[in-house]
Number of protein chains: 2
Amino acid sequence: MRLAGLGGALIQLGQEGQVPDPRYRQIADELERQITSGALTPGVRLLTEHELQLRYQASRNTVRDAVRWLTIRGLVETRPGQGTFVVRPPDPYVTTLSADLETGLGGGEGEAFYREVTDQGRHAYVPDPQVEVTGASGVVAAELRIPEGTSVVGRRLRRFIDGAPSSLQTTYYPMSLVEEGAQRLLSAETIFPGTVSYLRETLGLEQARYRDRITVRVPDNSEMAFFRLREEGRVSVLETFRTAFDSADKPFRLTVTIFAADRNQFTVFTGRVPDAARLVTPLPTARKASDG
Amino acid sequence: MRLAGLGGALIQLGQEGQVPDPRYRQIADELERQITSGALTPGVRLLTEHELQLRYQASRNTVRDAVRWLTIRGLVETRPGQGTFVVRPPDPYVTTLSADLETGLGGGEGEAFYREVTDQGRHAYVPDPQVEVTGASGVVAAELRIPEGTSVVGRRLRRFIDGAPSSLQTTYYPMSLVEEGAQRLLSAETIFPGTVSYLRETLGLEQARYRDRITVRVPDNSEMAFFRLREEGRVSVLETFRTAFDSADKPFRLTVTIFAADRNQFTVFTGRVPDAARLVTPLPTARKASDG
DNA sequence: GCAAATTTGTTCGTATGTATT
DNA sequence: CAATACATACGAACAAATTTG
């Protein structure tokens with residue numbers, strides 16, 4: 001059995017041979033209580049490691065283990081030279097995945113993106129895309145139903161909301177669309193009002209339907225850098241793969257969007273949805289209290 | 001630039017005042033290369049901490065920091081007394097969020113759930129629900145548009161696929177539905193073929209539309225226990241809030257489903273979708289190679 | 001602008017506990 | 001029961017980032 005020392009420290013008596021939680025967890029739990037109870041509010045600095053050491057009569061490494069536990073769970077973040085701070089959850093932005101009634105476009109598509117951001121009273125910034133021609137790789141080839149290595153145009157967008165990096169979007173089109181006349185797909189400039197309209201006007205290509213696939217995963221290094229995520233790995237990314245089909249049910253584009261999971265939420269409408277019901281406010285980001 | 005040193009140790013020369021990566025990161029990167037390159041395949045055991053210590057001429061703590069880095073990123077997992085193993089990603093199960101053509105029901109709803117699981121060649125197990133009557137709390141009250149504290153029935157399901165815990169689902173109904181005649185909502189047994197049909201037959205309640213809201217967050221303790229997640233915090237949960245409305249556009253239920261993000265994917269269909277296009281195979285779970 | 005103080009980050013060494021083989 | 005392997009905990013020293021004087 002483990003006993004904490006005297007002097008305001010935590011004591012946990014093991015009952016009946018029960019193994020008590022390790023010391024760093026006791027400290028972490030105590031700090032978590034202070035955060036969830038509101039005694040420590042977002043943005044405030046915690047005690048320094050040295051102060052926590054004295055407070056809990058533990059070694060610095062044990063205190064650091066406790067802080068790491070909280071960091072991984074997204075409750076606090078450490079800043080070298082400054083201290084440890086209670087995380088201030090970002091204001092979530094809500095993307096609608098189902099189609100817009102008027103345009104038939106999904107949220108996140110160029111035109112719809114600006115309007116949806118503005119409707120939520122926020123500011124969108126999307127620099128001109130990076131355009132690249134490559135050979136289709138695994139998922140791209142499979143979704144577009146073209147042989148591996150077939151040339152595709154990739155248009156990559158970095159999207160910011162209220163100045164914060166929000167999502168990364170790359171759309172792949174078969175090069176055949178360019179050859180059939182849609183040369184502007186190769187231009188490294190934003191296509192107004194959007195590529196869907198452009199393809200309809202240029203090639204008569206109708207977007208009859210699309211299918212989204214959604215996964216959640218750990219960000220890679222480039223994504224951690226773009227989203228400015230701390231290196232302790234608390235935030236995941238949500239990735240959507242949108243394959244759009246024409247009226248002949250042939251896929252003509254694949255849009256891959258990567259969202260930082262701490263600042264994005266999503267909505268899907270199904271069935272007869274009145275217009276008035278479409279504006280959605282974010283869910284509260286309060287931590288779950290249930291912990292049994 | 002990185003140079004392999006003598007005796008297999010890693011050495012990194014800082015160029016022009018560049019700060020080299022810390023030692024534990026160098027070791028982690030080296031191990032990650034071995035994993036992503038396929039030299040270490042899922043399920044195999046890594047060298048023990050002691051062996052890594054000798055291999056990289058680093059202290060045990062430094063080696064453990066490297067392993068922790070990989071653990072947080074979901075590449076490896078440690079098992080006390082056994083060793084450190086390359087993670088074997090679970091076979092993802094795909095849930096369709098948009099409505100089923102025939103039933104008008106969304107994936108994850110009782111009836112649709114079994115069929116969708118079977119269609120993917122897998123086995124579903126859902127024990128009888130736990131039923132509870134409580135006062136409506138924040139989100140529940142808001143979504144059902146009832147005052148806080150109004151009585152609601154909560155029906156909680158634990159769902160397993162191929163024996164592995166897959167998702168936790170709780171559906172909240174206003175008690176007024178029970179008072180109007182839907183007494184079986186209080187029964188702690190599965191309602192066949194499903195509560196949506198039951199409410200239609202009993203009360204004439206039509207599910208005209210629904211709205212899903214999706215967020216990603218860190219699992220709480222009870223979720224970590226149910227999904228059997230390791231305590232190092234790599235896996236997030238994806239949470240959906242489905243509010244269903246009747247033909248008068250009044251919300252009559254809220255279904256909250258929590259999915260372990262490492263074993264679940266999602267699909268949304270939009271537009272005129274042929275039946276044949278509805279069966280979706282999971283996306284590959286290969287790690288992203290791009291790391292710039 | 002610079003030096004000192006403060007705070008977190010990295011690395012080492014060591015000892016002991018717990019889980020599994 | 002013994003051996004092996006990871007988990008927890010302590011102490012110490014120096015490095016890097018930031019703030020303060």
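Remember, it's a predicted structure, so these values are computed and weren't measured experimentally. By convention in this document, chain letters (A, B, ...) are assigned in the order of the sequence lines, proteins followed by strands, and residues within each chain are numbered from 1.
Scored by the ring pair (Phe, Tyr, Trp, His ring centres under 6.0 Å) test, A:Phe226 finds A:Phe160 as partners (sequence neighbours excluded).
Protein atom CZ of A:Arg45 is 19 Å distant from nucleotide atom P of D:dA17, rounded to whole Å. For the pair A:Leu54 CG and C:dT7 P, the interatomic distance rounds to 12 Å; values are reported in whole Å. Summarising the geometry, the separation between CD on A:Gln57 and P on D:dA9 is reported as 15 Å, rounded to the nearest angstrom. Atom CD in A:Glu49 sits roughly 15 Å away from atom P in D:dG11 (whole-Å rounding). At whole-Å resolution of the value, CZ in A:Arg68 and P in C:dT8 are 14 Å apart. The nearest whole Å value for the distance from the CG atom in A:Asp65 to the C1' atom in C:dT8 is 14 Å. If you take CZ of A:Arg23 and C1' of C:dG17, they are 15 Å apart, rounded to a whole angstrom. Atom CG of B:Asp21 and atom C1' of D:dA15 are 15 Å apart (whole Å).
Ranking C:dG9, C:dT20, D:dA9 by closeness to the A:Thr62 side chain, first place goes to D:dA9. When distances run from any side-chain atom of B:Thr48 to the nucleotides C:dT8, D:dA5, D:dC10, the shortest one goes to D:dA5. In the set C:dT11, C:dT20, D:dT8, the nucleotide with an atom closest to the side chain of A:Pro22 is D:dT8.
Although no hydrogens or angles enter the test, the distance criterion places no donor-acceptor pair under 3.5 Å between the side chain of A:Glu77 and the main chain of A:Gly74.
Side-chain contact check for B:Asn61 and B:Ser59: no donor-acceptor pair (N or O, by modelled atom type) lies under 3.5 Å. Counting only N and O atoms by type, the side chains of B:Glu30 and B:Gln34 include a donor and acceptor under 3.5 Å apart.
B:Arg79 comes within 4.0 angstrom of sugar-phosphate atoms only, judged by non-hydrogen atoms across all strands, and of no base.
Residue B:Tyr93 is tested with B:Glu116, B:Arg159, B:Arg263 for a side chain to side chain contact (heavy atoms under 4.5 Å, CB included); the sole match is B:Glu116.
Looking at which nucleotide of DNA chain C each of B:Arg25 and A:Gly83 is closest to, the 5′-most match is held by A:Gly83. The 5' end of DNA chain D is approached more closely, in terms of each residue's nearest nucleotide, by A:Tyr24 than by the other of A:Tyr24 and A:Pro80.
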Anything under 3.5 Å between a protein N or O and an N or O of nucleotides 13-16 of chain C, put it in a table, one pair a line.
from   : atom 1 : to      : atom 2 : distance (Å)
C:dG13 : O6     : B:Asn61 : ND2    : 2.8

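Taking 4.0 angstrom as the limit, B:Thr84 places a side-chain polar atom (N or O) nearer than this to OP1 or OP2 of D:dC6. Close to C:dG9, at under 4.0 Å from its OP1 or OP2, lies a side-chain N or O of A:Thr78.
In this structure, A:Thr240 and A:Arg213 have side chains that are not in contact, with every pair of non-hydrogen atoms separated by 4.5 Å or more.
The environment of CZ in B:Arg156 is sparse: at most 12 heavy-atom neighbours from other residues, nucleotides or ligands sit within 6.0 Å.
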